[in-house]
Amino acid sequence: MLNFSRWAIAAIILPLLIGALCAVPSFLPDSAVAQLPGFMRTRVNLGLDLSGGSHLLLEASTQDVAKQRLTNMEEQVRTELRRADPRIAIGDISSRDGKLSFMVREPSQVDAAVERIRPLTQGAGLTGQRDFNVEVVNSSTIVITPTDAGIKSAVKSAMEVATEVIRKRIDEMGTREPTIQQQGDNRIVVQVPGLQNPKALKDLLGQTAKLEFKLVDTTANPSEVAQGRAPVGSEVLPYAANPAGIPFIAVKRQVMVSGEDLTDATQGYDQSNQPIVNIRFNSSGGRKFGQVTSQNVNRPFAIILDGRVLSAPNINEPILGGSAQVSGSFTVESANQLAIALRSGKLPVALTVVEERTVGPGLGADSIRAGLIASIVAVVAVATFMFMSYGRFGLYANLAVTINVLVILGVMGILGATLTLPGIAGFVLTIGTAVDANVLIYERIREERRRGRNVVASIEHGYKEASRTIFEANVTHAIAGGIMLALGSGPVKGFAIVLLIGIATSVFTAVTFTRLIVSNWVRRTRPTDIHI
């Protein structure tokens, strides 16, 4: 076990050297790191508690998900029955009490209508239930009711999409290493290190960015609209800039074009030098937008964002080419935020901020200082104990610990991991436990010497027999760390990451690296006795 070929030596030294070199950029200033080659810019990112930043807890409205599902189902029902051959004529669709209900004008087509609608429903996960129940009432009225299992499945899907949309929006802001993770069934935790003013972040994440174009219902009575009542097939929406003087307007419920057909959105200026958002549709959206505007020349249409009408311009001529402008008393900043939100996609569910916390950079600096002091004290204490207890072999163990710390930082930099305050605690713990393996090995060597074995045999048996115990002990640590990584969040996860990396690197440095050093010393000096 004390004989190492050149290939074995290279296989041990090279990974440790690479790991240590990858740790160097973490100690350099930003200006120095910027001059390094791209593959050398492997820095450990500091978490919210070390660098300061903003913490937000967002909560989704399950009622919003249920309402959106009803709206989508209504559009699908209209389209499906319109495509039937022969076409199935129905009355206006009501969405009261969280259900869709409508009457089939020709009673003989009720069964055909049900057969066309049922394929629109889907299984709700593994529950064995459908996401909607379809039933016939009073022989000619069809009622579509969402199930609890369907709503639960929709909320789960919406939260997964919302998490990715939030990640895209924050990436567009140019921030580094945000922490975005789902908490519970309907909450999302967002932590952005380095962002001291969370207002822009809240404005961006609180915006659903659901963009819709709908025709204005010009037949609606203004007095009824002011009271929140609209004709059948229309709805009343807030319109702060309404020239009619009332802050509401009636629009058709059917969507002309939605933000799902967008391919790009940028901030720009109109002819009056007022900030606007220029949008471009995909081929399908551009075709629909051009067709609707061609059929409704001289009629107003509403530009709706998150259930509020931004403006309601008149269609003077067909809008072709697949592009349009969104105006509505924007500032340059708000127009740019809207463009970011539209580019990253709309949130499938409205999110509200239920918890907000800001960590100052001064507190983060204090945490780093305290962590460094703790680490230095731990290193000095462990190194002193090992040297006093094991002499030369203690120095070998101390060298392994030093290299182990650098390799941990290097691995974290390569993986792009984030160091948190509990991560520093994991560092201190790793320093203390990294020498455990060496203690077991050296004590086993002492025992073998007391049994009368010679130096080489004692060292060989010491490393061989102790390695089994070391492996089993670290496997149990790794299992605990894996559970914390899988089930934990935030600080617990940061601790688990450092712990798992430290387990892997400490075993390698404490066992393999020190064995290489000891074998080299034995071959070079040929000692007749060892003093541990």
Side-chain angles (χ1 to χ4, degrees), residues 16 19-33 42-53 55 176-177 179 191 193-194 196 357-390 394-439 477 480-481 484 488 490-506 509-510:
L16 297 179
L21 288 176
C22 289
V24 173
S26 298
F27 299 97
L28 300 178
D30 294 338
S31 56
V33 174
T42 53
R43 303 187 71 183
V44 176
N45 300 295
L46 298 182
L48 184 72
D49 48 3
L50 296 181
S51 64
H55 167 99
R176 288 192 61 191
E177 288 302 316
T179 299
Q191 294 180 342
Q196 300 302 322
R357 196 165 66 242
T358 302
V359 179
L363 181 60
D366 290 341
S367 299
I368 295 175
R369 190 179 304 110
L372 287 175
I373 293 174
S375 300
I376 292 172
V377 171
V379 169
V380 172
V382 169
T384 302
F385 172 80
M386 290 300 293
F387 178 72
M388 294 180 63
S389 299
Y390 301 106
L395 288 177
Y396 295 158
N398 292 337
L399 178 60
V401 170
T402 303
I403 294 177
N404 181 46
V405 171
L406 293 176
V407 172
I408 291 176
L409 290 174
V411 172
M412 291 183 67
I414 294 172
L415 298 178
T418 300
L419 180 63
T420 61
L421 187 58
I424 294 180
F427 253 114
V428 175
L429 179 63
T430 299
I431 292 170
T433 59
V435 296
D436 283 354
N438 293 114
V439 171
H477 287 169
M484 286 191 291
V492 175
K493 208 164 190 176
F495 177 83
I497 289 174
V498 176
L499 180 64
L500 288 173
I501 296 175
I503 288 172
T505 57
S506 64
T509 56

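The model shown is predicted, which means the values in this text are computed figures rather than measured ones.
- Atom-to-atom distance recorded for N398:CG and F385:CZ is 11.0 Å, nearest 0.5 angstrom.
- In this structure, a donor-acceptor pair under 3.5 Å is absent between the side chains of S506 and N404.
- Judged as a side chain to side chain donor-acceptor pair (under 3.5 Å), not a single pair has a partner in residues 407-417 (not counting sequence neighbours).
- Shortest non-hydrogen contact noted between A23 and L409 is CB-CB, 3.7 Å.
- Considering every non-hydrogen atom in both I408 and G502, the closest pair reads CD1-CA, 3.6 Å.
- Within the model, atoms CG of L16 and OG1 of T505 stand 9.5 Å from one another, a figure rounded to the nearest 0.5 Å.
- The minimum heavy-atom distance linking G481 with A496 is given by the pair O-CB, 3.6 Å.
- Taking all atoms of both residues into account, the shortest heavy-atom contact from I414 to C22 is CD1-SG, 3.7 Å.
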Check your understanding: Given I501 and L415, is the side chain to side chain contact (heavy atoms under 4.5 Å, CB included) satisfied, shown in steps?
Key -> CA-CA 11 Å; I501 296 175; L415 298 178; 4.3 Å; yes
Practice item. Check the pair L499 / M484 against side chain to side chain contact (heavy atoms under 4.5 Å, CB included), numbers first and verdict last. Key: CA-CA 10 Å; L499 180 64; M484 286 191 291; 3.8 Å; yes
